[in-house]
There are 2 protein chains.
Amino acid sequence: MKATFGEYIRKLRKSHRLTLTQLAFQLDLDSANLSKIENGKREFDEKRLEKLATAFNLDIEQLKTEYFADQFAKKMYQYNCSPETLIVAEEKINYLKSINTKQGKIKFENEK
Amino acid sequence: MKATFGEYIRKLRKSHRLTLTQLAFQLDLDSANLSKIENGKREFDEKRLEKLATAFNLDIEQLKTEYFADQFAKKMYQYNCSPETLIVAEEKINYLKSINTKQGKIKFENEK
DNA sequence: TTAAAACTTGTCAATCTATGACAAAATTAA
DNA sequence: TTAATTTTGTCATAGATTGACAAGTTTTAA
């Protein structure tokens with residue numbers, strides 16, 4: 001999908017002929033803020049991915065892919081990261097998985 | 001580099017025979033907080049990458065690669081993202097670049 | 001064994017950022 | 001025009017992050 005996450009939502013919404021207000025209601029969001037999200041002026045909150053999947057009957061895994069890919073792309077674009085970053089990221093994921101299976105679950109800062 | 005960013009800093013610090021206090025001073029950080037960073041209990045702040053590069057005479061670009069790759073990996077691990085996410089991210093970066101060259105610089109939420 | 005140095009952990013106030021909410025302006029469609 | 005839709009601006013507040021420091025533990029070296 002060659003689009004920002006905001007553009008992606010807009011396309012979905014339009015193709016389902018929903019107004020901002022209608023979709024915003026389903027997402028438990030203010031329509032003004034949904035407008036900003038679609039226009040890339042605010043972030044979509046991860047916790048609403050489920051609701052978005054429900055609203056348009058989408059596969060949640062695919063939606064997550066779109067969502068996180070969008071976040072990474074934005075950050076790399078913004079900080080002018082080298083393309084290698086993604087390759088290194090993949091290595092690091094494998095590393096995290098390996099120490100996880102060896103030593104039990106890793107705790108993140110934002111976990112209890 | 002197969003290591004978290006915290007482990008990476010620790011290796012650098014050890015190999016240069018610096019104490020937490022010594023490196024923390026160079027990074028304008030409390031040694032207790034540097035300890036937490038090395039142990040993955042706090043995030044390293046992007047704005048200190050330059051100082052870190054200076055402290056160990058590292059290429060800032062390579063350091064950025066390590067840093068952002070670490071962030072992406074953590075997130076993907078944490079949210080159980082499909083490996084495809086990185087591929088989609090690459091597409092999206094190209095998309096961002098293309099609309100940038102076409103239409104001028106994109107503004108991000110955190111820019112003025 | 002002991003003392004000092006090095007490191008870790010916990011806590012909390014202050015700071016920063018993101019979010020929800022609403023008003024008002026602009027755009028679009030009928 | 002006027003009603004619906006969308007966009008933009010603002011702001012208080014909630015939530016997260018950070019710096020700072022104290023107290024605890026571990027390591028080092030005599």
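This one's a predicted model, so the numbers in the text were calculated from it and none came from an experiment. Computation of the quantities below employed the complete heavy-atom set of this structure, encompassing side-chain atoms and omitting hydrogens, waters and symmetry-equivalent molecules. Below, read A as the first sequence line, B as the second, and so on, with proteins coming before strands; counting in each chain starts at 1.
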Practice item. Give a yes/no on whether any side-chain N or O of A/R48 is located under 4.0 angstrom from OP1 or OP2 of C/dT19. Key: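 No, no such contact exists.
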Could you tell me how far apart [X] ([atom1]) and [N] ([atom2]) are, to the nearest whole angstrom?
X: A/E43; N: D/dG15; atom1: CD; atom2: C1'; answer: 16 Å
X: B/I9; N: C/dC7; atom1: CD1; atom2: C1'; answer: 16 Å
X: A/I37; N: C/dA21; atom1: CD1; atom2: P; answer: 13 Å
X: A/K14; N: D/dT5; atom1: NZ; atom2: C1'; answer: 8 Å
X: A/E46; N: C/dT19; atom1: CD; atom2: P; answer: 11 Å
X: A/F44; N: C/dT19; atom1: CZ; atom2: P; answer: 11 Å
X: A/L34; N: D/dT8; atom1: CG; atom2: C1'; answer: 15 Å
X: B/L18; N: C/dA6; atom1: CG; atom2: C1'; answer: 13 Å

Practice item. Tell me which of A/L29 and B/T19 sits closer to the 5' end of DNA chain C, going by the nucleotide each one is nearest to. Key: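 It is B/T19, whose closest nucleotide lies nearer the 5' terminus.
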Point to revise | Identified ring-ring contact (aromatic ring centres under 6.0 Å, His included) partner of A/F72 from the options B/Y79, B/F72, B/F68 | key: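 It is B/F72, the one option of B/Y79, B/F72, B/F68 that forms the ring-ring contact (aromatic ring centres under 6.0 Å, His included) with A/F72.
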Check your understanding: So how far is it from B/D28 CG to B/D45 CG, rounded to the nearest 0.5 Å?
Key ->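 It is 11.0 Å, given to the nearest 0.5 Å.
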Has [X] got more than 12 heavy atoms of other residues, nucleotides or ligands less than 6.0 Å from its [atom1]?
X: B/N57; atom1: CG; answer: no
X: A/F25; atom1: CZ; answer: no
X: B/Q62; atom1: CD; answer: no

Check your understanding: If an axis is fit to five pairs at each end of the helix from C/dT1-D/dA30 to C/dA30-D/dT1, what is the angle between the two, to the nearest 10°?
Key ->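 End-to-end axis angle: 40°.
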Check your understanding: Which pair of non-hydrogen atoms, one from B/L63 and one from B/L49, has the smallest distance, and what is that distance?
Key ->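 In this case the closest contact between B/L63 and B/L49 is CD2-O, 3.4 Å.
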Check your understanding: Side chains of A/I87 and A/E90: closer than 4.5 Å at any heavy-atom pair?
Key ->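 Contact flag for A/I87/A/E90 side chains = no.
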Check your understanding: For nucleotides 8-14 of chain C, read 5' to 3', which letter fits each nucleotide if B means a protein heavy atom sits under 4.0 Å from the base, S means only the sugar-phosphate is that close, and - means neither?
Key -> BBBB---
**Study point:** Under-4.0 Å salt bridge between B/R10 and B/E7
**Key:**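 No.
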**Study point:** Which residues share a side chain to side chain contact (heavy atoms under 4.5 Å, CB included) with A/E50, sequence neighbours left out
**Key:**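 With sequence neighbours excluded, A/E50 shows a side chain to side chain contact (heavy atoms under 4.5 Å, CB included) to A/I60, given in chain and number order.
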